[in-house]
Amino acid sequence: MLRVLAPLLAFTALASAAPCLSLCPEETRSLSELYQDALTEGGVLNVRAGGDELDQQDSIKQAWESAFPGIKYNVTIDLSKYHDGYIDREIASGQVYTDVATLQTLHDFPRWKDAGALMQYKPAGFGQVFDEIKDSDGYYYGCNLFGWALLYNTAHVTPAPTGFIDLLRPELKDKLVMTYPNDDDSFQHTLFNLVNHYGYDFFDKLIAQNPRWVRGGSTPIALMSTSLNGNGSYYLAYTAAFGPPGLAVVDPTDVPATTWSQTAAILAKAPHPKTAKLFANFLLSKDFQAANSPSVRKDVPPANGDKPANEKFDLTAFAKYMADRPSVERFRFFIESKIGTPQGLSPLVDGL
């Protein structure tokens with residue numbers, strides 16, 4: 001992935017981030033007040049959002065434009081590993097287009113902070129965000145929690161799977177669909193944990209099951225869904241934790257599924273800083289967080305009465321993995337030596 005380090009370091013002296021460090025106060029203005037302020041900036045918000053399907057921001061766009069008429073939600077969706085290179089180039093050139101980034105590449109935010117490329121700003125509710133997923137100085141913070149799970153066809157997989165070890169069941173050969181772990185660091189993180197738990201021969205045994213490798217974290221759901229009407233033959237996947245009736249979700253008990261906080265930050269030279277602040281407060285508002293359970297806030301309980309996210313999941317494991325880039329790259333090349341490079345169109349345009 002492209003890294004423009006020298007220009008980023010040079011940018012430090014030019015950045016407009018506030019100098020108040022950890023004493024930076026939390027926002028006290030209401031959304032209505034922030035909205036009136038934002039209306040003076042031209043009526044647009046530019047967001048780079050990590051994702052692998054073009055419709056993944058539709059609900060946010062609808063909620064935003066309904067709540068704040070006259071301000072367009074202009075979002076670019078792509079894999080986070082591609083967004084960060086574009087943001088680096090914006091910063092290096094001094095021509096910043098992006099107001100807010102919400103990404104999976106958690107290792108990017110500390111280096112952007114160190115380079116002075118992020119705005120220091122604590123939205124209302126910042127103090128309620130789990131400490132594990134925010135920068136204490138207020139430069140970035142988790143805004144949504146995401147994670148993967150096992151998804152299986154209840155009519156064809158019995159007994160129900162309980163863990164990743166079930167991927168190796170003989171009757172499921174040719175029936176698995178899996179996201180390329182060398183195309184998405186969150187899937188790679190899970191495989192890293194699996195080979196450390198079961199040994200590297202686990203991956204060899206998984207390959208021997210002849211899974212269909214695909215691009216995109218949600219693509220397996222589309223292929224699994226075809227098996228419900230007799231047009232497909234994929235019965236078990238590791239993918240997003242939802243699906244239509246006939247597909248059931250299982251949280252694996254042998255090795256934890258990867259969970260992470262999609263992280264948000266405002267660029268220091270954002271072209272619409274007032275609108276970006278409104279968006280940050282919108283993302284962390286109780287209403288938004290309650291509608292996107294489990295919440296990143298301590299004071300918004302899970303909708304299903306479950307334990308708070310920081311008690312149910314290790315919210316730091318993926319960030320720690322992502323921070324060790326040499327280890328991530330070495331393991332990516334190991335995967336590539338076994339299954340090759342990811343093949344196929346971007347999941348944004350593959351029609352699945």
Side-chain angles (χ1 to χ4, degrees), residues 52 79 81 147-243 246-259 317-318 321 327-347 350 352:
D52 54 22
L79 304 183
K81 66 179 182 179
W148 308 122
L150 294 172
L151 187 71
Y152 72 100
N153 185 312
T154 57
H156 291 277
V157 181
T158 54
T162 60
F164 290 105
I165 197 65
D166 288 291
L167 295 171
L168 306 185
R169 283 159 51 173
E171 69 272 21
L172 291 174
K173 185 174 183 179
D174 302 321
K175 305 298 183 184
L176 308 176
V177 55
M178 308 286 291
T179 300
Y180 280 105
N182 47 335
D183 197 33
D184 186 315
D185 286 341
S186 62
F187 288 95
Q188 182 178 319
H189 172 248
T190 304
L191 182 60
F192 182 81
N193 289 336
L194 282 167
V195 299
N196 277 285
H197 182 79
Y198 285 117
Y200 275 73
D201 64 340
F202 176 90
F203 192 32
D204 293 325
K205 293 175 182 177
L206 178 60
I207 294 170
Q209 290 286 78
N210 194 33
R212 176 172 173 179
W213 299 104
V214 298
R215 299 193 66 197
S218 299
T219 304
I221 299 176
L223 294 174
M224 290 273 289
S225 297
T226 64
S227 70
L228 296 174
N229 55 23
N231 294 327
S233 58
Y234 299 109
Y235 302 150
L236 180 60
Y238 177 53
T239 183
F242 60 86
L247 301 181
V249 173
V250 169
D251 290 322
T253 58
D254 49 356
V255 173
T258 294
T259 302
F318 183 59
Y321 180 75
S327 176
V328 170
E329 296 307 318
R330 282 194 300 271
F331 194 58
R332 189 192 319 281
F333 289 135
F334 163 74
I335 297 168
E336 184 178 314
S337 74
K338 295 285 189 178
I339 63 174
T341 57
Q343 301 297 304
L345 296 172
S346 163
D350 63 5
L352 296 174

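At least one donor-acceptor pair closer than 3.5 Å links the side chain of Gln209 to the backbone N or O of Arg169. Side-chain N or O atoms of Asn182 include one that pairs as donor or acceptor with a backbone N or O of Gly340 at under 3.5 Å. Judged by distance alone, the side chain of Asn193 and the main-chain N or O of Val255 form no donor-acceptor pair under 3.5 Å. Side-chain atoms of Asp183 do not come within 3.5 Å of backbone N or O of Arg215 as any donor-acceptor pair. Judged by distance alone, with hydrogens and angles left aside, the side-chain atoms of Thr154 form a donor-acceptor pair with the main-chain N or O of Gly246 at under 3.5 Å. No donor-acceptor distance shorter than 3.5 angstrom exists from the side chain of Lys205 to the backbone of Leu167, with no hydrogens or angles considered.
In this structure, CE in Met224 is found 11.0 Å from OG in Ser233, a value given to the nearest 0.5 Å. Atoms OG1 and CZ, from Thr341 and Arg332 in turn, are 12.0 Å apart once rounded to the nearest 0.5 Å. Here the CG-CD1 distance, from Leu247 to Ile221, works out to 8.5 Å after rounding to the nearest 0.5 Å. Taking CH2 of Trp148 as the reference point, atom OG1 of Thr239 lies at 6.0 Å (rounded to 0.5 Å). Expressed to the nearest 0.5 Å, how far NZ of Lys175 lies from CG of Asn210 amounts to 11.0 Å.
Looking at Ile339 and Phe203, their side chains come closer than 4.5 Å, going by heavy atoms from C-beta outward. Using a 4.5 Å heavy-atom cutoff, the side chains of Tyr238 and Leu191 are not in contact. Residues Phe331 and Val195 meet the side-chain proximity criterion, which asks for heavy atoms closer than 4.5 Å. Side-chain contact between Leu151 and Pro220: absent, with no pair of heavy atoms (C-beta onward) separated by less than 4.5 Å. Using a 4.5 Å heavy-atom threshold, the side chains of Leu150 and Phe164 count as touching. Looking only at side-chain heavy atoms (C-beta outward), Phe318 and Asp185 come within less than 4.5 Å of each other.
Taking all atoms of both residues into account, the shortest heavy-atom contact from Asp52 to Gly217 is OD2-N, 2.6 Å. The nearest pair of heavy atoms linking Ala241 to Ala149 is CB-CB, 3.8 Å. Among all heavy-atom pairs drawn from Gly163 and Asp254, the shortest one is CA-OD1, 3.4 Å. Closest heavy-atom contact between Tyr234 and Ser227: O-OG, 3.3 Å. Of all the heavy atoms in Pro181 and Ile335, the pair that sits closest is CG-CG2, 3.8 Å.
No donor-acceptor contact under 3.5 angstrom links the side chains of Ser186 and Gln188, judged on distance only.
By the salt bridge (Lys or Arg N to Asp or Glu O under 4.0 Å) test, Asp350 is found to be paired with no residue, residues two or more places apart in sequence or in another chain being considered.
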| side chain to side chain contact (heavy atoms under 4.5 Å, CB included) evaluation trace for Asn153 with Leu228 | CA-CA 8 Å; Asn153 185 312; Leu228 296 174; 3.7 Å; yes
| Pair Lys338-Asp204, salt bridge (charged side-chain N to carboxylate O under 4.0 Å, His left out): steps then yes or no | CA-CA 8 Å; Lys338 295 285 189 178; Asp204 293 325; 2.9 Å; yes
| said: Test side chain to side chain contact (heavy atoms under 4.5 Å, CB included) on Leu168 and Phe202; report intermediate values, then the result. | reply: CA-CA 9 Å; Leu168 306 185; Phe202 176 90; 3.7 Å; yes
| query | Would Asp166 and Tyr152 count as a side chain to side chain donor-acceptor pair (under 3.5 Å) if you check the C-alpha gap in whole Å, the side-chain angles of each, and the deciding distance to 0.1 Å? | reply | CA-CA 11 Å; Asp166 288 291; Tyr152 72 100; over 6 Å; no
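Between Phe192 and Tyr321, the ring-plane angle classifies as tilted under the 30° and 60° cut-offs.
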